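All values below come from the heavy atoms of this structure, side chains included, with hydrogens, waters and symmetry mates left out. A quick note: this is a predicted structure, and the numbers were derived from the prediction, not measured. Throughout, protein chains are lettered first and strands after them, A, B, ... in sequence-line order, and every chain is numbered starting at 1.
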Amino acid sequence: MLRVTVVEKGPDAKLTLEGSLDMSTGDVLRDTVGGLDIDDLTSLTFSIGGLELIDSTGIGQLIGYHRLLRQRQGRVYIENDNREIEEILELIGVREILEP
Amino acid sequence: MVILKEEIEIWMDTELQNSTEQDQPGQLAIINGRLRMEEPTGNGAWPIIAPGKGVQLRHEGELIGKPTVLENAEDVDIEVVHKPSISEFDLVVSQDQMQVVLKTRFAAGTKYRIEDTEYVRELTVNVDAVGRIPPKPIDSSLVVQELDALGIKAPIFYDRIHAACTSLESQEVVICEGREMKPSVDGKVEIVCELTRRLEAQNDDARVNYLDRGKFNAVSAGDVLAHWYPPIPGEPGQDVYGNIIEVTPPASSRLRVGKGVKLIRNGTTAVAEVTGLPSYDYGVLRVNPQLVIDRDVSLVTGNVEFKGDVTILGSVTESLTVKAGGSVEVLDSVYHARVLSGSDVIIHKKLIGGTVIAGAQQPGLAKAEKLLQRAIRGLESLHMICSQLKKQPRLSVSDLKLRGDGYLVKLVLETKFPEITKTLAEVHELFSERGLQFCDEECLEFVATVRAQVQRFLGPAPLDMKTLEELFQAITDLQDLTNKLDDLLDSPADITVYYGQNAKMEATGDITVSGPLLYDCDVVAGGSITVSGECRSGSYIAGSAICAHAVGSKGLGVISLIVGENGTIGADTFYPGVKLRIGSVQTVIEQECHNQKFHVQEGKLVSSAFRRGGVRC
């Protein structure tokens with residue numbers, strides 16, 4: 001199960017994710033992001049330290065938002081203080097594409 | 001005495017009457033084979049007898065051959081002459097005195113009897129055939145005696161004599177033979193290789209390619225060039241008389257060889273020691289490993305293709321191709337042409353436009369090998385990272401169970417290793433069909449396999465991988481292909497040129513530019529690239545090192561220099577904008593710098609002093 005909390009709406013939006021971001025819960029995040037005005041966003045921050053599990057589909061979804069915002073000259077940030085989740089992000093190279 | 005007329009007339013009438021009654025001719029007849037005679041009466045004529053064919057008549061012991069008056073049948077002996085049978089032979093010695101032929105002749109005789117006749121005055125005694133007289137066998141000893149009398153010394157076939165003499169059929173049979181002389185066989189040199197200098201081009205269609213005049217004939221090292229068949233002395237013969245027939249000694253011709261040819265098998269076989277042009281002049285077989293073109297390679301000469309070394313005393317002009325199995329040396333320049341060499345290439349002056357390949361027959365192979373090695377290292381890291389990820393406690397793999405590990409592979413490939421995809425795409429492009437004009441069948445097949453294997457990592461293809469084991473296998477397969485590619489590339493071959501511009505160079509060994517400038521070229525070397533002068537714009541890839549006097553230029557074109565991870569890039573001067581890549585570490589020169597040699601240490605790019613004393617890597 002995934003719980004998404006909109007901490008800030010925009011233009012620098014911030015969402016907190018808790019629970020599990022995977023193939024079955026991706027729609028929850030999608031619906032929440034869909035509720036934001038993408039065209040107005042300068043940045044979108046995902047705080048994912050509260051996630052217990054994430055899968056490659058979920059990571060792909062986050063990267064997808066990065067590409068979406070980059071097209072609009074925006075940026076995606078990922079805040080995370082969970083060491084194990086961070087290791088996953090580094091192994092996949094998420095940090096490298098988010099912070100060139 | 002007076003005789004009265006009347007009495008005389010009576011007497012005459014009586015006499016006349018008497019004579020009319022008694023003047024009957026005599027007659028002869030053959031009755032039951034015996035001669036019968038009726039004597040004449042009065043003044044009748046006496047019978048006449050004559051012998052017919054096959055009859056002998058003896059009259060009172062004398063043989064009569066013409067019609068004869070017969071007085072008494074008892075005086076004649078009639079003898080029937082029967083036709084005897086024939087049993088005879090003849091010995092014929094052949095003209096060459098090598099055979100004696102026995103010719104037998106058998107013929108049956110005929111038995112006759114006297115032919116019965118009616119009484120006639122003139123009788124010709126004839127005969128009737130009443131039977132056959134068979135021939136008799138010939139006495140073999142007579143034949144042998146005759147042979148002896150002729151002085152025949154050669155072995156006699158007695159069985160044949162006996163058979164011929166007793167067969168009662170006329171025949172000719174050889175009964176004695178001499179010993180044939182075995183003639184000598186002259187020694188012979190048989191050239192089995194093509195000696196034509198230039199082989200006619202094979203055109204599949206009706207169009208004539210004026211640049212393709214055919215390959216220069218060449219043999220490869222180890223090819224059989226000629227055979228020598230040594231002379232065989234003959235053996236004297238002997239005729240039927242025992243005379244010796246002498247034999248002429250054989251003519252001897254030896255197989256003489258010169259440079260580039262070796263004799264094996266006791267001097268009876270000549271093989272090429274080197275690859276080159278064979279010649280057989282003045283009885284000496286040679287192979288010249290070098291083909292010399294004493295002018296420009298142009299429309300006049302057509303393309304040049306030769307298995308050995310080629311030396312061109314002029315230039316290679318536009319659109320022409322020089323292809324050599326060995327080395328190529330051009331004493332002048334190469335203009336917008338192709339030079340493909342299995343070994344080194346030396347161009348004494350300029351290379352402008354065109355392509356020069358040393359050590360590989362197909363452009364792109366050497367570059368592809370470098371790119372693949374680089375990609376494989378990245379793929380191995382990819383596999384390792386994917387394996388680690390799957391062990392992460394916070395990474396859920398439920399989606400991978402549904403979609404396959406390929407989803408993760410593609411994610412990491414796109415996110416962390418985008419250069420692998422670029423590299424493999426470049427290999428895929430290198431091996432596109434339009435670039436494969438010099439590929440033979442084996443090469444084409446190999447290239448197709450490489451393309452297919454590379455394709456597995458491009459586009460959506462990685463999604464097809466169900467497990468990381470499949471990824472591992474795909475990497476292993478690609479490594480195997482890369483190893484085979486390495487084998488396809490010949491032993492290191494170098495390119496040396498004085499000046500290069502807008503050209504493409506590939507060498508499995510080193511590339512050296514000894515003159516002032518290398519400009520806007522695409523250069524790949526398995527070893528090092530050394531430029532004595534300036535290296536401005538273009539792409540330069542080397543296995544080990546790149547060094548130049550100056551790299552880059554002020555605002556003129558882009559230049560990238562790439563070496564392997566243990567390689568070095570050094571120059572007296574680096575201008576801003578030069579892109580350097582050593583292994584996976586890359587940088588761009590931001591400020592002009594001097595006397596620098598770059599290498600990678602602990603994953604970071606470091607520089608040291610570039611040693612002078614002549615530019616060398």
Contact part of B:L402 toward chain A, heavy-atom cut-off under 4.5 Å: side chain, backbone, both or neither? side chain
For B:L400 and A:S56, work out which heavy atoms get closest and say how close. CD2-OG, 3.5 Å
Working to the nearest 0.5 Å, report the span between OG1 of B:T415 and CD1 of A:I59. 8.5 Å
Chain B contact via A:R83 - side chain, backbone, both or neither, heavy atoms under 4.5 Å: neither
So B:R403 and A:T57, do their side chains get closer than 4.5 Å, heavy atoms only? yes
Is A:E90 in contact with chain B via its backbone, its side chain, both, or neither, using a 4.5 Å heavy-atom distance? backbone
I need the B:E414 CD to A:I97 CD1 distance, nearest 0.5 Å. 9.5 Å
Do you know which of B:S396, B:C386, B:P418 has the most heavy-atom pairs under 4.5 Å to chain A? B:S396
So, applying side-chain contact (heavy atoms from CB on, under 4.5 Å) with B:R394, which one of A:E87, A:E84, A:E86 is it? A:E84
What residue in B:I385, B:V412, B:L389 has the most heavy-atom pairs under 4.5 Å with chain A? B:L389
Whatever's closer than 4.5 Å to a heavy atom in chain B on A:L21 counts as neither
Side chains of A:D22 and B:D399: does their closest heavy-atom pair fall under 4.5 Å? no
Taking all atoms of both residues into account, what is the closest heavy-atom pair of A:D55 and B:S398, and its distance? OD2-OG, 4.4 Å
Sub-4.5 Å side-chain heavy-atom contact between A:L91 and B:L395: no
